[in-house]
Amino acid sequence: ARVQEGGFDAVVMDVQMPAMDGYTAARRIRQWEREQEIPPVPIIILSAHEMTEEAARLQAAGCDHYLTKPLRKPPLLDLLHKIAGPTLRTPLEETR
């Protein structure tokens, strides 16, 4: 529902959430995007487990990236920079 409100450059969610797992949520987001004929928003999944063996399942669900928990700031920022490209500015760049 939040994605449908718009305004997101990326979605970051956990694989294990109380009401719906991340795979199901990603599939529903992708279905809604197809129905609306809008470009897909990058989806980043967080997991406490190394997910190498889950790569195909993640991709099939529509997830673009995953990070393992505990989440560290540098890998998250690196991934966000990769997704956003040169348009994403860090706080240090904003003060120049």
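Note that this is a predicted model, so its numbers are computed, not measured.
- One hydrophobic cluster, built from ILVMFWY side chains closer than 4.5 Å, holds both W32 and Y23.
- The CD atom of Q4 lies 8.5 Å from the CD1 atom of I38; values are rounded to the nearest 0.5 Å.
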Worksheet entry | Verdict with supporting geometry, K73 and D78, salt bridge (Lys or Arg N to Asp or Glu O under 4.0 Å) | CA-CA 9 Å; K73 188 175 178 179; D78 288 346; over 6 Å; no
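- One N or O on the side chain of E33 and one on the backbone of V41 form a donor-acceptor pair closer than 3.5 Å.
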Under 3.5 Å, side-chain donor or acceptor atoms of residues 7-17 against the rest of the protein: list the pairs with distances, not counting sequence neighbours.
| residue | atom | partner | partner atom | Å |
| --- | --- | --- | --- | --- |
| D14 | OD1 | Q16 | N | 2.8 |
| D14 | OD2 | K69 | NZ | 2.4 |

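- Cluster annotation: L71 is connected to I44 through the hydrophobic network of ILVMFWY side chains, with a link wherever side-chain heavy atoms come within less than 4.5 Å.
- Distance check, rounded to the nearest 0.5 Å: CZ of R57 to CD of Q59 gives 14.0 Å.
- The line from NE2 of H65 to NZ of K82 is 5.5 Å long, rounded to the nearest 0.5 Å.
- The distance from the CD1 atom of I43 to the CZ atom of R27 is 11.0 Å, given to the nearest 0.5 Å.
- Within 6.0 Å of CZ in R30 there are more than 12 heavy atoms belonging to other residues, nucleotides or ligands.
- Taken to the nearest 0.5 Å, the OG1 atom of T68 stands 13.0 Å off from the CD1 atom of I45.
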